[in-house]
Amino acid sequence: MADTPFVLRDISGKGKGLFATRPITRGERVLAEAPLITQRQPVSNATILLALARLSDTDQRRYFNLANAWVGLLAPPLGIFKTNALPCGDHDQSRGHTVDTAAIFPLGSRFNSSCEPNVNNYWNENLNQITFWAVRDIAEGEELCICYGTPLAKRADRRARLESSFRFVCNCVACAREGAALKESDDRRVSISRLYDEIATCGSNPAVGVRKVKSALKLLEAENLLGSHGASFCYDAFQFCTSVADVRNSKAWVTKAWEGYCVERGPQSSDAVKMAAYMQDPRAHPAFDLLPRKTLVGPD
């Protein structure tokens, strides 16, 4: 990739990580990479060895140079895959999305994890590549991190899941909080998750749904997660507004959703393209004018 804005460095007690070599702008694509090997569930040592046998010696070495959190517990090929594989699909498990295909990416697999990520990974089916997007402005020298786990949970639950899946105790900026700051953070993240579930039940009461979206967005901003999780909430608000034929606020919300998906997933992602179409004509949404007409509220 031309002008790769990062470098791989050793991190004391943490293996290796990727660090910005220049300022990176919010919404900038950091990396796009094709898979080295791809696996569908169920994955086994045998299926991985079969895939590795098709690679060149150089690419096999690239695979075996990746970290292995399962030394002594799993055969090395399987341990490396479990440690480094990234999903080829929507990876947001906090929203009930699961993916049955995962892959190894020699550079992409080097991103470490943070529960307050500055980069979002997105599988682009059109490119057949995984893409990584800066979800906020990143300073030169800052480590680039994605989120391996479920950020919308209490620290204890996040840590337990990461330790179970990746065998490390997370000490990211979010998990390093203590005392009152930790409790406030835990409460906000649990509230966001609860609001997501509640919003899904507000189809017949769009005014309440929009209010809940606005509450969720404020909490996401307080947790520095707006850039990685805000777009889908804005799309929910758009759908509430279209259902009551509130065109002006529909356009305002879908514009925010489009902006968010461009940052999270890129302007050519299927979600961003869909939002761009609704920006031109909110009436094209199938929910338009399904409920009694009223005027709701737009984004702040």
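If you read the sequence from its start, that first residue is 1, and numbering goes on from there. Bear in mind the structure is a predicted one, so any value in this text is a computation, not a measurement.
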Within the side chain of [X], is there an N or O that forms a donor-acceptor pair under 3.5 Å with the backbone of [Y]?
| X | Y | result |
| --- | --- | --- |
| E28 | A134 | no |
| E33 | L107 | yes |
| Y63 | P77 | yes |
| N249 | C241 | no |
| D271 | Y261 | no |
| D59 | L55 | no |
| S113 | C147 | no |
| N118 | C145 | yes |

Would you call [X] and [Y] a salt bridge, taking side-chain N to carboxylate O under 4.0 Å as the test?
| X | Y | value |
| --- | --- | --- |
| R177 | E116 | yes |
| R189 | E184 | no |
| K183 | D187 | yes |
| R167 | E163 | no |
| D137 | R26 | no |
| D289 | R293 | yes |

Quick one: closest heavy-atom pair of [X] and [Y], and the distance?
| X | Y | result |
| --- | --- | --- |
| K82 | F166 | O-CE2, 3.8 Å |
| C262 | A272 | SG-CB, 4.1 Å |
| L8 | K16 | CD1-CB, 3.8 Å |

Using side-chain heavy atoms (C-beta onward) and a distance below 4.5 Å, is [X] in contact with [Y]?
| X | Y | result |
| --- | --- | --- |
| R29 | F132 | no |
| H229 | I192 | no |
| V190 | K154 | yes |
| R155 | L182 | yes |
| H285 | Q239 | yes |
| R158 | D186 | yes |
| T201 | D197 | no |
| I24 | L144 | yes |

Checking side-chain contact (heavy atoms from CB on, under 4.5 Å) against W123, which of T131, N128, L86 comes through? N128
Checking R265 against W133: charged group under 6.0 Å from the ring centre and within 45 degrees of the axis?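 Pair R265/W133 does not count as cation-pi.
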So, applying ring-ring contact (aromatic ring centres under 6.0 Å, His included) with Y278, which one of F238, W258, F288 is it? F238
Say you draw a straight line from CZ of R211 to CG of L195; how long is it, rounded to the nearest 0.5 Å?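 Atom-to-atom, R211:CZ and L195:CG are 12.5 Å apart.
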For salt bridge (charged side-chain N to carboxylate O under 4.0 Å, His left out), just list the numbers for E142 and R136, CA-CA rounded to whole Å, side-chain angles, deciding distance to a tenth of an Å, and then say yes or no. CA-CA 12 Å; E142 188 175 347; R136 60 172 174 80; 2.6 Å; yes
Show your working on side chain to side chain donor-acceptor pair (under 3.5 Å) between Q39 and T47 and close with a plain yes or no. CA-CA 8 Å; Q39 295 281 288; T47 63; 2.6 Å; yes
For R22, I'd like to know if atom CZ has over 12 heavy atoms of other residues, nucleotides or ligands within 6.0 Å. yes
Would you say the ring centers of F19 and F6 fall short of 6.0 Å from each other?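 Ring centroids of F19 and F6 are no less than 6.0 Å from each other.
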